[in-house]
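What follows is a single structure, written as structure tokens, with notes after it.
The analysis underlying the following values was restricted to heavy atoms, covering all of them including side chains, and did not include hydrogens, waters or symmetry mates. What you see is a predicted model; the values in this text were computed from it and never measured.
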Amino acid sequence: MAHARKKKSGRIFPLVMLLIVVAGGWYLWSGYAGSKIGDVSVPVRVVVPRGASVRETSNALESAGAINSARLFRVYAAIGGRDRMIKPGTYTFSRNAGWRTALNELVEGKGIVHSVTIPEGYNLREIIPLVAKALSVPEDSVRAAATDTTWQRKLDIPLPSLEGYLFPATYTFTDGTTAREAVNAMLDAFEAAWAKVPNASDRLQALAISRHAAITMASIIETEAKKSEERPIIAAVYWNRVRKGMLLQADPTVQYALPNHVERVLYKDLEVNSKFNTYKYVGLPPGPIASPGLASITAALNPASVPYLYFVASADGHHEFRTTLAEHEKAVAAFKKERAAAKSSKKK
């Protein structure tokens, strides 16, 4: 009889364990799925600071009402091996969203984000308000970040600003991103773009120039070129003029030197007293006048093998290139005649 009782007890123990496991599983599932108690239509906001632990994150989720158990959420995250994959940011969840929904969004970084597009050819005067508006921060904070001496030393920039080095692209910043973090991201993007330029170091050596000079030239090309295929030719014209000790006479550098932007450079504007005025000072200006894209940087390092020293823009945006001043003056006269005829026909 004693033996029979022992055998019966042995059968009961696994059954009890099974019930415990089932009950525990049901409890975990209810917590994971969300109990849907309260108004699920009202979103809650959870901020996950940079460097926050899974414990801090889960406590914030529970306090906000996104989950019903911080402790069990941590267990769930650890079981899936995703407890160390949570990204910082500001998130919105429905009440009792459930562990799976919350964890997926935290791991994928689906928090509130702010996007800003920096077009190619924009300068700091244009970039700063764009970034400030996207981040909802004062323009002065972006301006201060754009004069970071640490980056100036790192990039070997001889000027007190990062003009030309905030790479043009579309950026997505998490809520709470600071101006300095945004500027750092743009500078990192510049370094990544530079790494994509074919044989950049060899080309610098072949042209006997610094990287700063290359970016300065690229910025002028960016603001001059309207057609992509003309970039290497424009680069050749300016490098040819530099080698011959000629004035670059690049209108965009005068526009940059003026206190207020003008759409068209007039003769009076050519008198502006600035090292960026390439109608007055020989050679490249002291630094970039805008942020060049990868194509313009590549063109600056790989100018076309042509003898041109002059070019003039047509009404449709393409340029006519010439070697001598006499040829150039004829091209200018032809374009003036073309423009006059076009205006006359419009009046009719």
Other residues, nucleotides, ligands: >12 heavy atoms within 6.0 Å of Glu229 CD: yes
Greater than 12 external heavy atoms within 6.0 Å of Arg125's CZ: yes
[X] vs [Y] side-chain heavy atoms within contact, under 4.5 Å:
X: Leu270; Y: Val254; answer: yes
X: Leu124; Y: Ser161; answer: yes
X: Tyr76; Y: Arg100; answer: yes
X: His212; Y: Leu159; answer: yes
X: Glu108; Y: Met85; answer: no
X: Ile118; Y: Val131; answer: yes
X: Glu222; Y: Arg231; answer: yes

Cut-off 3.5 Å, no hydrogens considered: what does the side-chain donor-acceptor table look like for residues 239-246, sequence neighbours left out?
from, atom 1, to, atom 2, distance (Å)
Trp239, NE1, Ala300, O, 2.9
Asn240, OD1, Arg243, NH2, 2.6
Asn240, ND2, Ala236, O, 3.1
Asn240, ND2, Val306, O, 3.0
Asn240, ND2, Tyr308, O, 2.9
Arg241, NE, Leu247, O, 2.8
Arg241, NH1, Leu309, O, 2.6
Arg241, NH2, Leu247, O, 2.7
Arg241, NH2, Gln249, OE1, 3.3

With sequence neighbours excluded, residues passing ring-ring contact (aromatic ring centres under 6.0 Å, His included) with Phe167: none
Contacts of type ring-ring contact (aromatic ring centres under 6.0 Å, His included), residue His114, not counting sequence neighbours: none
With Tyr165, the ring pair (Phe, Tyr, Trp, His ring centres under 6.0 Å) member among Phe190, Trp151, Trp194: Phe190
Asp156 with Arg211: basic N within carboxylate O range, under 4.0 Å: no
Arg74 and Ser58: side chain donor to acceptor below 3.5 Å: yes
Donor + acceptor pair across side chains of Asp251, Tyr279 (<3.5 Å): yes
Between side-chain atoms of residues 48-55 and protein atoms elsewhere (two or more places apart, or another chain), which donor-acceptor pairs fall under 3.5 Å?
from, atom 1, to, atom 2, distance (Å)
Ser53, OG, Glu56, N, 3.1
Ser53, OG, Glu56, OE1, 3.4

Sequence neighbours excluded, every pair satisfying side chain to side chain donor-acceptor pair (under 3.5 Å) that has a member inside residues 134-145: Asp140-Arg143
With Tyr122 via side-chain hydrogen bond (donor to acceptor under 3.5 Å, both in side chains) - residues at least two apart: none
Tyr171 and Phe173 aromatic ring geometry - parallel, tilted or perpendicular at 30°/60° bounds: parallel
Aromatic ring pairing His319/Phe321, orientation class (parallel under 30°, perpendicular over 60°, tilted between): tilted
Option passing side chain to side chain contact (heavy atoms under 4.5 Å, CB included) with Tyr310 (candidates Val237, Leu325, Thr323): Leu325
